[in-house]
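Just so it is clear, the values below take in all heavy atoms, side chains as well, and ignore hydrogens, waters and symmetry mates. In what follows, chains carry the letters A, B, and so on, assigned in the order in which the sequence lines appear, proteins first and then strands, with residues in each chain numbered from 1. Owing to the predicted nature of the structure, the values given are computational and were not obtained by experimental measurement.
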There are 2 protein chains.
Amino acid sequence: MVEEICHICNDKSTGKHYGAISCDGCKGFFRRSIRKRYHYTCRFEQNCDVTRNKRNACRACRLQKCVKAGMKSNAIQNERDAIGKRKKTPEEGKEDLIDQLVAAEQMCQQLRSSVIKNTSSLAPYDCGKVKWNYEDARSATLDDIGKSIHQQLVLFIEWAKSLPQFSFLAQVDQAALLKGGAASIIVLGVAYRSIHLGMDDTICLANDTLLPKEHATQVGDINHFSCVVGRILAELVNPMRRLDMDLVEYVALKAILFFNPVVRECNDQTSVENARFACLRSLQRRCTDKAIVNQEDDSQDCRSGKLLLLLPSLQAIAQQLVEDVQLARLFGLVNVDSLMEELILNDLKPSDPQILQTSLASPVNTPSVKAEVEVEE
Amino acid sequence: MVEEICHICNDKSTGKHYGAISCDGCKGFFRRSIRKRYHYTCRFEQNCDVTRNKRNACRACRLQKCVKAGMKSNAIQNERDAIGKRKKTPEEGKEDLIDQLVAAEQMCQQLRSSVIKNTSSLAPYDCGKVKWNYEDARSATLDDIGKSIHQQLVLFIEWAKSLPQFSFLAQVDQAALLKGGAASIIVLGVAYRSIHLGMDDTICLANDTLLPKEHATQVGDINHFSCVVGRILAELVNPMRRLDMDLVEYVALKAILFFNPVVRECNDQTSVENARFACLRSLQRRCTDKAIVNQEDDSQDCRSGKLLLLLPSLQAIAQQLVEDVQLARLFGLVNVDSLMEELILNDLKPSDPQILQTSLASPVNTPSVKAEVEVEE
DNA sequence: ATCGCCCGGTCAAAGGTCGC
DNA sequence: GGCGACCTTTGACCGGGCGA
């Protein structure tokens, strides 16, 4: 058994250090002294007391007593590599990114409330010829679908503008990202919102109206929509629920999706890629941390991978949605405003970039109501 | 006789450890590093001295030198019980999984060679009315495109059948996975094969014919194909090259893609999901190991995430390819055989499951030549 | 059987961290 | 800027399984 008393200062010892039974204080003192080649001089008689309370009074005598107690300077090793931090503080830059994304999301949530109020008080937005027959007052009409898509587009642009990584890009690249990501990000938003509904067969649109799967089936001509709703539920909402996806993961996934470096017409791929990977790193970090907190939970394993694997389905569903809208427009079932045309149905024709430019130019948090409700013809 | 000197730090060695003559220190260091998935960063120039006295100064360089000296991370065994008994570990299964996937891939590669020989010696496979005008003898004709898709489908089924996780499924689920994954997996294969071409604007089809991007543009009527080729290059081949994706990562990604639990008509989602997550775990494991071995390479960071982020693009391209083929068939530009119709153009009509069932029933490694070259009408 | 060899694990004593 | 309570990493030293 190791002795309990430090042979240098009589403090409680923590074992043998450098050849002498000693406390952590004397251990550290000896190491620092040897490492830095300190030369101490006693201002008294070289016989100062070195005890727990007085040991810091005379360094010369303390060091001398260390040697007398048996400490060997050759037991001091060379400096080693830096070790893991004790307190979790080095991730400030990365935490900032997550915080920033969460803030952007909350800003948009607030804006959404006001937009819903605004647009519903304005003249009705004519979205097409076919009307849903609905029983429940909260159920979505075809009109609601068009409205909610439009609103989501406006909010999507505001969201993007609030991200520094986005606003540093050239305007052509900004437009490219917006066009490339609009459909997917709207679908992602609908799916995430629908998680909290608790209904297995209903999605929740951006203006808080509900769209049940069977409901969508009833309209024969555009039963494709039903298919999209069903896929959103089966391929996104359900897996998200099972993963118990949280807000942080949602915003990270959204940003990763948005900063797509291989989107068409993107010039500065490097910047976009860097933004994407920064988000990816944050997401992975966050998932690892979560896994450490609740160990026994099996769903935490490979969590970031599972989240990323939602994206292929999302991509496919968004693409199908775009086609359905195109088809619906072809048959005259829906009217399509300029914003929708520009962002969702990215036709190959050199579209008039006016709408987008106006939206991009206006300051954050204040989307022009004009653009917001503007309708073609 | 064993050498006396540690090949990493020149200390006295205690024998061979993990593949390299080394001391106990380097042995322990390597084991701890691999086990705990540590990721070190050199604070200097990646060329620190690793000698007896300085070996603890830079863990990044020490680990790198361990690898250079021949230490293999797969020599690190599984954790044992404190008692010292070797316990049956789930880890073994994981390594097996990767090996199994690689084996399945190699089996298909061999099969491909024989299939190419077989089909080219058979009567020409009429693929449509329009012929490519090509200068280079090795360039692909439209005929080649049809042929290669067909071949890939045959191999795809054989590949799937060779996977135990697949063969344990009910036949309806097997059919669902095959239908849901065919297009994506063919595109993934084309992209991966094209990495090694070294040409920036050309993809390599399954029968080893080449298809340059501009080449595809020349045919006006189906210039959509050119678009698909361009997207494969920009969104898949190029990123894959930059990541320096290897075979193991390719097969893991392919299996993850294939075991899609949210594919249509899939009943036993749980089994499919388990298979997917097993592959995902293996991929992540493998990426972490790779990151440990080459530290200085920045591309290793978040590697599994970067690989998974190829999948949304892949999904979109595959979907576009399907639409192009549908369109081309509509205009009578290509003939579509039963297999292609069933797997690629998954029409909603209850298709005759004969072809698929025949293929699924025949033993592995011996696809019936009949099915292989069968053409409609 | 018994002897190296090379896996595994352990823990005293090195190291480093960071609020005070 | 040193001190020292508190934490991490190191590596010498074991035990065990396996092939010769």
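- Residues B:Asp11 and B:Arg52 meet the side-chain proximity criterion, which asks for heavy atoms closer than 4.5 Å.
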Please convert DNA chain D into dot-bracket. A pair counts if it is Watson-Crick or G-U wobble with both distances under 3.5 Å; crossing pairs go in [ ] and bases paired with another strand get |. .|||||||||||||||||||

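- Residues forming a salt bridge (Lys or Arg N to Asp or Glu O under 4.0 Å) with B:Lys254 (at least two apart in sequence, or on another chain): B:Glu105.
- With salt bridges taken as basic N to acidic carboxylate O contacts below 4.0 Å, none links A:Glu273 and A:Arg276.
- For A:Lys36, a side-chain nitrogen or oxygen approaches OP1 or OP2 of D:dG2 to under 4.0 Å.
- Taken from SG in A:Cys9 to CG in A:Asn56, the straight-line distance is 9.5 Å, to the nearest 0.5 Å.
- Distances shown here put every side-chain N or O of B:Tyr18 at or beyond 4.0 Å from the OP1 or OP2 atom of C:dC5.
- The separation between B:His17 atom NE2 and C:dG4 atom P is 16 Å, rounded to whole Å.
- As a whole-Å value, the separation of B:Asp11 CG from D:dT10 P is 15 Å.
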Scan the side chains in residues 64-78 of chain A for donor-acceptor partners under 3.5 Å anywhere in the protein, sequence neighbours excluded, and list what turns up.
from, atom 1, to, atom 2, distance (Å)
A:Lys65, NZ, A:Ile8, O, 2.9
A:Gln77, OE1, A:Arg80, NH2, 3.0
A:Asn78, ND2, B:Asn53, O, 3.1

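- Side-chain N/O atoms of B:Arg31 include none lying less than 4.0 angstrom from OP1 or OP2 on C:dC7.
- The separation between B:Asp24 atom CG and D:dC14 atom C1' is 11 Å, rounded to whole Å.
- Contacts of B:Lys12 with the nucleic acid, taken as non-hydrogen atoms under 4.0 Å apart, are absent.
- Atom CZ in A:Arg52 sits roughly 15 Å away from atom P in D:dC3 (whole-Å rounding).
- For B:Arg43, the salt bridge (Lys or Arg N to Asp or Glu O under 4.0 Å) test picks out A:Asp81, with sequence neighbours left out.
- As a whole-Å value, the separation of B:Lys27 NZ from D:dA12 C1' is 10 Å.
- Relative orientation of the A:Phe166 and A:Phe258 rings is tilted, given thresholds of 30° and 60° on the angle between their planes.
- At the heavy-atom level, B:Gly28 lies nowhere under 4.0 Å from the strands shown.
- Using a 4.5 Å heavy-atom threshold, the side chains of A:Lys306 and A:Arg303 count as separate.
- Near-neighbour residues of DNA chain D inside residues 66-83 of chain A, defined by a heavy atom below 4.0 Å, number-ordered: A:Arg80, A:Ile83.
- Counting heavy atoms from C-beta on, the side chains of A:Leu253 and A:Leu308 come closer than 4.5 Å.
- Remark: B:Arg32 is in phosphate contact with D:dT10, judged by side-chain N or O atoms under 4.0 Å from OP1 or OP2.
- Proximity of residues 54-65 of chain A to DNA chain D (heavy atom under 4.0 angstrom from any strand atom) is restricted to A:Arg55, A:Asn56, A:Arg59, A:Arg62.
- The side-chain heavy atoms of A:Leu247 and A:Tyr192, taken from C-beta on, include a pair separated by under 4.5 Å.
- The closest side-chain heavy-atom distance from B:Leu307 to B:Leu310 is below 4.5 Å.
- Ring orientation note: the planes of B:Tyr40 and B:Phe29 are close to parallel, at an angle under 30° on the 30°/60° scale.
- When the C1' atom of C:dG9 is taken as reference, atom CZ of B:Phe30 falls 18 Å away, rounded to whole Å.
- When rounded to the nearest whole Å, the span between CG of A:Asn53 and P of D:dG4 equals 11 Å.
- If you take NE2 of A:His39 and P of D:dG2, they are 17 Å apart, rounded to a whole angstrom.
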